[in-house]
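Some notes on the structure that comes next.
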Amino acid sequence: IQDLVEAKADGLAYDKSLFNIVMIGRVVPHKNLEAGLKMAASYKENYGSDFRFIIVGSVDYGSYVHELKKMTVALGLEENVIITGKVATG
């Protein structure tokens with residue numbers, strides 16, 4: 001799993017050769033990001049791995065993010081999912 005806050009900037013630029021799926025909002029349990037990860041796994045199964053699922057937003061529940069990362073690995077999406085954490089605007 002790539003975390004934008006820890007990854008090198010040169011690998012994070014928008015890549016129009018990939019299909020980019022973006023979720024913007026706080027990373028909290030009631031947002032049901034598990035459904036988004038399942039959707040990403042289904043997309044990969046049906047259309048291939050030329051996509052990224054980018055989750056952008058403040059991380060208020062570290063244990064929830066840990067569970068999302070475990071699910072990402074279990075679904076084989078390590079190369080497709082990016083969790084940015086909170087990003088600055090402007």
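For D50, the side-chain contact (heavy atoms from CB on, under 4.5 Å) criterion is met by L18, not counting sequence neighbours. By the salt bridge (charged side-chain N to carboxylate O under 4.0 Å, His left out) test, E34 is found to be paired with no residue, residues two or more places apart in sequence or in another chain being considered. Taking Y61 as the reference, nothing meets the ring-ring contact (aromatic ring centres under 6.0 Å, His included) condition, with sequence neighbours excluded. With sequence neighbours excluded, the residues forming a side chain to side chain donor-acceptor pair (under 3.5 Å) with S42 are N46, listed by chain and number. Not counting sequence neighbours, Y64 has no partner by the ring-ring contact (aromatic ring centres under 6.0 Å, His included) test. Take V22 and apply the side-chain contact (heavy atoms from CB on, under 4.5 Å) test, not counting sequence neighbours, and it matches I24, I54, V56.
Note: F51 and Y43 have perpendicular aromatic rings, judged against thresholds of 30 and 60 degrees for the angle between ring planes.
Using modelled atom types and a 3.5 Å distance limit, the side chains of N80 and R52 yield no donor-acceptor pair.
The line from OG1 of T84 to CE of M23 is 10.0 Å long, rounded to the nearest 0.5 Å. The structure places CD of E45 at 10.5 Å from CG of L75, a figure rounded to the nearest 0.5 Å. Atom NZ of K86 sits about 9.0 Å away from atom CG of D60, to the nearest 0.5 Å.
When all heavy atoms of G85 and V59 are compared, the closest pair comes out as CA-CG2, 3.8 Å. In this structure, G25 and K31 approach most closely via the heavy-atom pair CA-NZ, 4.4 Å. The nearest pair of heavy atoms linking I55 to L33 is CG2-CD1, 4.1 Å. Considering every non-hydrogen atom in both L77 and A41, the closest pair reads CD1-N, 3.9 Å.
Between the side chain of K44 and the main chain of G76, a donor-acceptor pair closer than 3.5 Å is present.
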